[in-house]
Amino acid sequence: MEYFLDTADLAEIEKAARALPITGVTTNPSIIKKAGAEDFFGHLKKIQAIIGEDKYLHVQAVAETAEGMVEDAKRIVAELGDHVYVKIPTTAEGLAAMKALKKMGIGVTATVVYTKAQAFLAMEAGADYIAPYFNRMENMGINSDDVISSMAGVIAMNDYNTKILAASFKNAGQVNRAIELGAQSITADPAILMDAIGAIAITDAVDTFLKDWKSLYGDKTIAEM
Ligand code: E4P
C-alpha cells in the first residue's frame with residue numbers, strides 16, 4: 001500500500017509525515033489555493049524539503065490543451081525533479097497529453113476520474129496512477145465501491161502497470177473500503193488518517209496501560225529499568 005497526504009498545508013504535512021508511513025503528497029489547484037501558496041514552485045519545494053527527497057509529489061497541470069499540459073509537465077519536472085507525477089485530468093485533451101508524456105518518460109497520474117470508462121482509457125494511455133474520486137462519486141449516486149473493484153479487476157486482467165490512487169475521501173470508512181476493494185494507494189486529508197488512529201477508545205486504552213504501569217513502577221520507562 002501507499003499513503004499520500006492530500007494537502008499543501010506545511011504544518012499539517014510536517015505533523016502527519018512524522019507519524020504516518022507516507023509515500024508522498026498530492027495537490028491540485030484548489031488545495032494549493034487553500035494553502036495560500038502565492039509562490040507556487042517555492043511552496044512545492046518547501047513540501048519536498050519536509051517530506052524528504054525519497055518521497056513523491058503529485059502536481060496537477062492546468063493548461064487546457066494537450067500541448068499545454070505537456071509544457072506544464074515539462075516545467076513541473078524541470079523545477080521539482082523526477083520524484084514527481086504530473087496529474088492530468090482524464091478528458092480527451094488529457095488522454096492525448098498522457099500518451100505524449102508517457103513517450104517522454106514523465107510520470108502521469110490520471111485524475112478527475114468519476115467513471116469506469118475514464119479509468120479504462122487512462123490505463124491504456126499508460127497512466128502510472130489513476131485517481132477515482134471516491135466521495136464525489138458517492139455524492140453523485142455513482143457506486144464508488146463498484147468503480148474501484150472493477151478498476152482493480154481490469155488492471156489485473158490486462159496486466160496494466162498502473163496503480164489505483166483512490167482520492168476524495170470524507171471519512172476513514174471510505175478509505176478502508178477503497179483499500180479493501182483493491183486500491184494500491186490512497187490519498188487523504190491528514191486529519192482523516194490521524195483521526196482514525198486518535199479515536200477516544202484508542203487513547204483511553206493507551207492511558208489505562210500507562211496508569212497501570214505507573215502504579216507499579218512510577219515514571220520509569222522500560223529503558224530506565
Ligand atoms: C485527488 O486527486 C483530488 O484532487 C482530491 O482528492 C479531490 O478531493 P476533494 O473531493 O475533497 O476535493
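Atoms within a ligand are numbered from 1 in the order they appear, just like the ligands themselves.
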request  = Would you please classify the geometry between the H58 ring and the Y129 ring as parallel, tilted or perpendicular, with 30° and 60° separating the classes?
outcome  = perpendicular
re atom 3 (C) of ligand 1, the protein heavy-atom contact at minimum distance is Y133 OH, 3.4 Å
heavy-atom search around atom 2 (O) of ligand 1 in the protein gives K87 NZ, 2.9 Å
- Do the side-chain N and O atoms of Y56 and T26 include a donor-acceptor pair separated by under 3.5 angstrom? no
So do the side chains of T221 and E224 get within less than 4.5 Å of each other, counting heavy atoms only? yes
Q.
Check for me whether T26 has a heavy atom closer than 4.0 Å to any atom of ligand 1.
A. no
Quick note on ligand 1: atoms under 4.0 Å from a heavy atom of T111 include exactly 2 (O)
Does an N or O from Q60, backbone or side chain, lie closer than 3.5 Å to an N or O of ligand 1? no
Using the rule given for salt bridge (charged side-chain N to carboxylate O under 4.0 Å, His left out), can you reason through K116 versus D146, listing the C-alpha separation, both sets of side-chain angles and the distance that settles it, and then say yes or no?
CA-CA 9 Å; K116 290 182 191 179; D146 179 45; 2.9 Å; yes
| request: Please tell me if the side chains of M194 and L20 come closer than 4.5 Å, counting only heavy atoms from C-beta onward. | output: yes
Q) Going by an N to O cut-off under 4.0 Å, is there a salt bridge joining E12 and K15? A) no
For atom 4 (O) of ligand 1, the closest protein heavy atom turns out to be N28 ND2, 2.5 Å
Closest to atom 5 (C) of ligand 1 among protein heavy atoms sits D6 OD2, 3.2 Å
**Message:** Would K170 count as a contact residue for ligand 1, given that I'm defining contact as a non-hydrogen atom of the residue lying under 4.0 Å from a ligand atom?
**Reply:** yes
Atom 12 (O) of ligand 1 sits nearest the protein heavy atom R136 NH2, 2.7 Å
Heavy-atom closest pair (E53 atom, H83 atom, distance to 0.1 Å) is O-ND1, 2.9 Å
